[in-house]
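Heads up: numbering here begins at 1 and tracks the sequence. Keep in mind it's a predicted model, so treat the numbers as computed, not measured. Side chains included, hydrogens not; waters and symmetry mates left out as well; all remaining heavy atoms used.
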Amino acid sequence: MAPRTVLAVLFDGLQSLDVTGPLEVFAGADLLAPGAYRIRTASLDGAPVRTTSGLTLVPDQSLVSAPDPDLLLVPGGTGSLRPDPRLVDWVRERGPRAGRLVSVCTGAAVLAEAGLLDGRRATTHWAYCDRLARAHPAVEIDPDPVYVRDGHIATSAGVTAGIDLALALVEEDLGRDAALTIARHLVVFLRRPGNQAQFSAQLAAQTAQREPLRDVQRWITDHPDADLCVETLAARARLSPRHFARAFRAETGMTPGRYVDRVRLEHARRLLEDTADGIEEIARTSGYGTPEAMRRAFVRTLGTPPAEYRRRFRPATTP
């Protein structure tokens, strides 16, 4: 098999892990299967770039002199939010010629600015999804998945999601065993599927400003199996149900029901990953009541039933 060339685009203000994370995956794959990948880096003028952490990266060459790669990787960082027009022009011209075009985190903004995501489904770091959707209405932004693949273009969420996507690409190229070996070496799980949620319920929602509402948020997290209807939560906050629902949404950015759904799903996911508890017990302690109710929630949100989720994400060493 001919080596697959991986070209990472470098620019000032990139987030270093967006580059080094995926490249470590491909480098690990090349150790397992020598000659599988040929890794290159390039900046606009071939000059060193400074990352958001202050780390300086020295590219192999300039973008102008770089050949068309099998996989073109565009990282995120502050430099991707206001990209150099020359970089956008280069990506617009050369991106479609790459076998696979991949962005990590806010690198999706560069692809969108180049017009390469128009009419496609994509994702980015959850904190920038709304901004990207407003700036590029022709792009279908999905804020939930870890990564999204649409044709030869793949976009991933924040930071470590680039590692998840790289592992998925290596699994596609070299098989599950190779990807699993690399994941173990990097001490990460193989593998979060693209439709696994990016973030926890607590990160997805804002923390309420008023203490009674913050107390309700903590109560929900600590008691997912309790009666969490609006009336019960409103009584805990000492508000009327209507006032509570309106205030909760205004201060957290989501309805009480949606927040409860996310907390219960997250609780069930942790139990599936970290314990040997049965599906029925997990459904009960997570507040679903029945395994069927939990199954519907998993399929609706994650695209996979609880048993399959456990098979993918429960470490082999779990007692």
Side-chain angles (χ1 to χ4, degrees), residues 3-31 35-95 97-114 116 124-125 127-128 132 146-147 153-170 182-183 185-188:
R4 293 175 173 86
T5 302
V6 177
L7 177 65
V9 175
L10 305 184
F11 49 83
D12 284 325
L14 68 84
Q15 188 163 247
S16 57
L17 191 56
D18 289 0
V19 172
T20 58
L23 293 192
E24 287 291 347
V25 172
F26 294 117
D30 197 59
L31 288 175
Y37 295 98
R38 180 172 180 264
I39 298 171
R40 306 292 293 173
T41 58
S43 66
L44 275 170
D45 301 314
V49 302
R50 191 169 178 82
T51 70
T52 54
S53 64
L55 182 70
T56 296
L57 300 181
V58 180
D60 295 309
Q61 61 193 123
S62 70
L63 287 172
V64 173
S65 64
D68 293 333
D70 297 291
L71 190 154
L72 178 63
L73 175 71
V74 181
T78 55
S80 67
L81 299 176
R82 299 182 187 85
D84 187 312
R86 295 178 300 159
L87 175 63
V88 174
D89 289 342
W90 186 91
V91 171
R92 181 183 295 115
E93 177 187 354
R94 303 289 292 276
R97 289 152 54 177
R100 291 184 291 202
L101 179 57
V102 172
S103 69
V104 181
C105 197
T106 55
V110 178
L111 303 190
E113 192 69 23
L116 301 180
T124 187
H125 189 289
Y128 292 93
L132 190 61
V146 171
Y147 58 82
I153 297 180
T155 52
S156 59
V159 195
T160 57
I163 295 176
D164 293 294
L165 177 53
L167 285 168
L169 296 174
V170 167
I182 298 164
H185 179 72
L186 296 177
V187 198
V188 296

Which residues pass the side chain to side chain donor-acceptor pair (under 3.5 Å) test with [X], not counting sequence neighbours?
X	answer
Arg92	Asp89
Thr5	none
Arg100	Glu172, Asp173
Ser43	none

**Donor-acceptor contact present, side-chain Trp90 to main-chain Leu63, <3.5 Å** =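 Yes; judged by distance alone, with no hydrogens or angles, the pair exists.
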**Prompt:** Do we see a donor-acceptor contact under 3.5 Å between the side chains of Ser62 and Asp45?
**Reply:**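 No, no side-chain donor-acceptor contact under 3.5 Å.
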**Message:** Does anything in residues 7-30 form a salt bridge (charged side-chain N to carboxylate O under 4.0 Å, His left out)? List the pairs, not counting sequence neighbours.
**Reply:**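 Passing the test, one end in residues 7-30: no pairs.
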**Prompt:** Less than 4.5 Å apart, any side-chain heavy atom of Leu73 and any of Leu23?
**Reply:**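 Sidechains of Leu23 and Leu73: in contact.
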With sequence neighbours left out, what residues match [X] under side-chain contact (heavy atoms from CB on, under 4.5 Å)?
X	result
Ser16	Thr51, Ser53, Leu55
Ala29	Tyr37, Val170, Leu174, Ile182
Ser103	Ala108, Leu111, Thr155

**Message:** Can you list everything that forms a salt bridge (charged side-chain N to carboxylate O under 4.0 Å, His left out) with Arg38? Sequence neighbours excluded, please.
**Reply:**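 Arg38 satisfies salt bridge (charged side-chain N to carboxylate O under 4.0 Å, His left out) with no other residue.
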**Message:** With side-chain hydrogen bond (donor to acceptor under 3.5 Å, both in side chains) as the rule and sequence neighbours excluded, what pairs involving residues 69-85 come up?
**Reply:**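 Applying side-chain hydrogen bond (donor to acceptor under 3.5 Å, both in side chains) to every pair that reaches into residues 69-85, excluding sequence neighbours, yields Ser80-Thr106, Asp84-Arg86.
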**Asked** Of all heavy-atom pairs between Gly95 and Leu116, which one has the smallest distance, and what is that distance?
**Response**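 Distance-wise, the nearest heavy atoms are CA-CD1, 4.3 Å.
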**Item:** Gap separating the CZ atom of Arg4 from the CD1 atom of Ile39, nearest 0.5 angstrom
**Value:**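 The CD1 atom of Ile39 is 13.0 Å from CZ of Arg4, to the nearest 0.5 Å.
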